[in-house]
J.: 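One structure, as structure tokens, below. Some questions next.
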Amino acid sequence: MPAPGWIEWTELAATLAVFIPVAILIRRRICSRRARERRLRTSFQAAETTVLDRDFPRWRDIPEELTARFSGITRVLIEEKNYEPCGGLEEVTEEMKLLIAAQAALTILGRRKQRFFPRLHSILVYPGAFRDPGRRSFGIDDEARGVLYGESWETGSVVLSWDNVIAGARNGDDGMNVVIHEFAHQLDQDNGAADGVPELETRDDYRRWSEVMERHYEELVTAAKDPAQEPFLDPYGATHPCEFFAVASEAFFEDSLDLEYEHPLLYEELSKFYGLDPAAWPFAS
Ligand SMILES: [Zn+2]
């Protein structure tokens, strides 16, 4: 039979074995929360604004009251996501990270719920158009899939073609932007399936979203089949409701005034979701 002192030591060791990992976890959480707060307070450095002015001039349209938040979100996305070079690309440079993160930041700039793509861990960057590396099974082989400019996976990755990232950044008014497209998919996938219905706040929001998006999606499906029609939105949006949301998001940020004119209810719905009114920004196109 062990001495009383031995029992006390055993109990103390058992208590510490539980307490120490919990204390470490709490400390880590506090540190990471402080680090994020610091990132959110970080402004762009002069060298970064030079890069943005040169390669992503659209950022200058962001209203002044949102620019501090924009730079903070961009910093969070630069520092909290892994950027991996693929397909022969040697490195994802700091400039490349900045340009990817800044475009992605637009999509969460006005959202009321402050979330930074919590399911997204890695951003894989190819030098140009790529074929799917085959990590997902679609029942068809890679050769049949053709080349891709971007992909968004529910498993925590976005894949981007750098050629298309930079083209989309430099041309901010053609309604085509691969980063906005793929990060819209991430927002859609944040609540599970990629179904064109991202997380909304109220039951009414879901009802209205379904009505507006389904009607515009069906219109695009019909227009895409009719050679006599030239739909305003990219017909690629007619391939699936999740693609419709991603394509409409590109138009929302890059062709805002025209989208508002052509499809005012769709614009209004996206404006509510993104918490922004880019058609009212200076030089909106
Ligand atoms: Zn897509």
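Values below: every heavy atom of this structure, side chains too, minus hydrogens, waters and symmetry copies. Small disclaimer: the values here were computed from a predicted structure and weren't measured. Whatever order the structure lists them in is the order used to number ligands and atoms, beginning at 1.
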J.: Below 4.0 angstrom, N of the basic side chain to O of the carboxylate: do E201 and R112 qualify?
T.: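 The answer is yes: the pair qualifies as a salt bridge.
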J.: Side-chain contact, heavy-atom cut-off 4.5 Å: F245 with W209?
T.: yes
J.: Do R215 and E269 sit within salt-bridge range, that is, some charged N less than 4.0 Å from a carboxylate O?
T.: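 The answer is no: the pair does not qualify as a salt bridge.
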J.: For side-chain hydrogen bond (donor to acceptor under 3.5 Å, both in side chains), just list the numbers for H181 and E243, CA-CA rounded to whole Å, side-chain angles, deciding distance to a tenth of an Å, and then say yes or no.
T.: CA-CA 8 Å; H181 184 106; E243 295 303 342; 3.0 Å; yes
J.: What orientation do F253 and Y274 show, parallel under 30°, tilted 30 to 60°, or perpendicular over 60°?
T.: perpendicular
J.: Could you tell me which non-hydrogen atom of A279 sits nearest to which non-hydrogen atom of Y267, and how far apart they are?
T.: N-OH, 2.8 Å
J.: Taking the Zn ion (ligand 1) as the center, what protein N, O or S atoms are found at less than 2.8 Å?
T.: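 For the Zn ion (ligand 1), the protein N, O and S atoms that sit under 2.8 Å away are H181 NE2, H185 NE2, E243 OE1, E243 OE2.
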